[in-house]
Amino acid sequence: MASQNPKQKYGTSIYKDGLEDWIHSELVKRPYDWLEDLEKKAAQDKFPVLTPASGAVLAFLASSWDPDVVLELGTGYGISLFWILSAVRKNTKIQTVDREVEFIQVAKEFFAKLEPNSDRVTFTNADCSEIAKEFLEPSSLGQKELMFVDCDKIRYPEILETILEKGKTRNLRVIYDNVLWHGRIADPENQAPSDQAVRKLWSLTKNSKIEYTLFPVGDGILCFDFKQ
């Protein structure tokens, strides 16, 4: 549960104390039994990961789009990757990117439990902004694409600018996590670089006039589509 002090790093939660934990334990069904073990590992390591309720929304958004190709920017411990895997076809190709090798290794170890010797997920240690540009550079050849962005928040506006420039001629669904940024962006006194970056993301989104949906679950999920 997020801190109730808005001056703390993670701001406030939209839920009353204990409700979010109850939702995750009683109402959200994980797609794999061992996923909760990975959540516990992340909690022990004090590493922020996608909440179970957010994971369920992510899986729904992936399933309803039915992509041929997925690019995940920000592997983390792999929890969002596993929610996506639970929702897409077996022949959907997935690339997941993180700048931290140790995070990728954790995700690889758990992926091996799910699909031993599988090659349908490519793990890439690289800068997310650069991979986003590479992904959007060639023609999509009519494929349905999904981008899930959950990397360094400082990179959010730059990645969105690339998407707005190159994505409009594609069959592309874009999903951003952490767009409420723990409530910090609602308080103008919060001026950390990450706060400013998430505010700029929203400014770019609204000024672009694209049709989008905000899911106020977890730390906020933003979704919008481009269609050929």
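- Across Thr75, Thr124, Thr122, a single residue satisfies side chain to side chain donor-acceptor pair (under 3.5 Å) together with Gln95, and that is Thr124.
- Looking at residues two or more places apart in sequence or on another chain, you find a side-chain contact (heavy atoms from CB on, under 4.5 Å) between Asp37 and Trp34.
- Within the structure, the salt bridge (charged side-chain N to carboxylate O under 4.0 Å, His left out) test picks out the following pairs touching residues 42-58 (sequence neighbours left out): Lys41-Asp45.
- For the pair Arg120/Glu115, a side-chain contact is recorded, criterion being any heavy-atom separation below 4.5 Å from C-beta on.
- Listed by chain and number, the residues in a side-chain contact (heavy atoms from CB on, under 4.5 Å) with Glu100 are Asp98, Glu102, Phe103 (sequence neighbours excluded).
- One finds no salt bridge joining Lys144 and Asp68 here, because no Lys/Arg side-chain nitrogen approaches an Asp/Glu carboxylate oxygen to under 4.0 Å.
- Other residues, nucleotides and ligands place more than 12 heavy atoms under 6.0 Å from the CZ atom of Phe47.
- Look at Arg89 and Asp66 and you find a salt bridge, because one of the NZ, NE, NH1 or NH2 atoms lies within 4.0 Å of a carboxylate O, short of that distance.
- With a 4.5 Å cut-off on side-chain heavy atoms, Leu222 and Val174 do not count as touching.
- If you check the side chains of Ser139 and Arg170, you find no donor sitting under 3.5 Å from an acceptor.
- The ring pair (Phe, Tyr, Trp, His ring centres under 6.0 Å) pairs that include a residue from residues 158-178 are Tyr156-Tyr176, where partners are two or more places apart or lie in different chains.
- Among residues two or more places apart in sequence or in another chain, the side-chain contact (heavy atoms from CB on, under 4.5 Å) test is passed with Thr213 by Phe215.
- Side chains of Asn190 and Asp195: a donor-acceptor N/O pair is absent below 3.5 angstrom, by distance only.
- Residue pairs meeting the ring pair (Phe, Tyr, Trp, His ring centres under 6.0 Å) criterion with at least one partner in residues 115-151, sequence neighbours excluded, are Phe111-Phe123.
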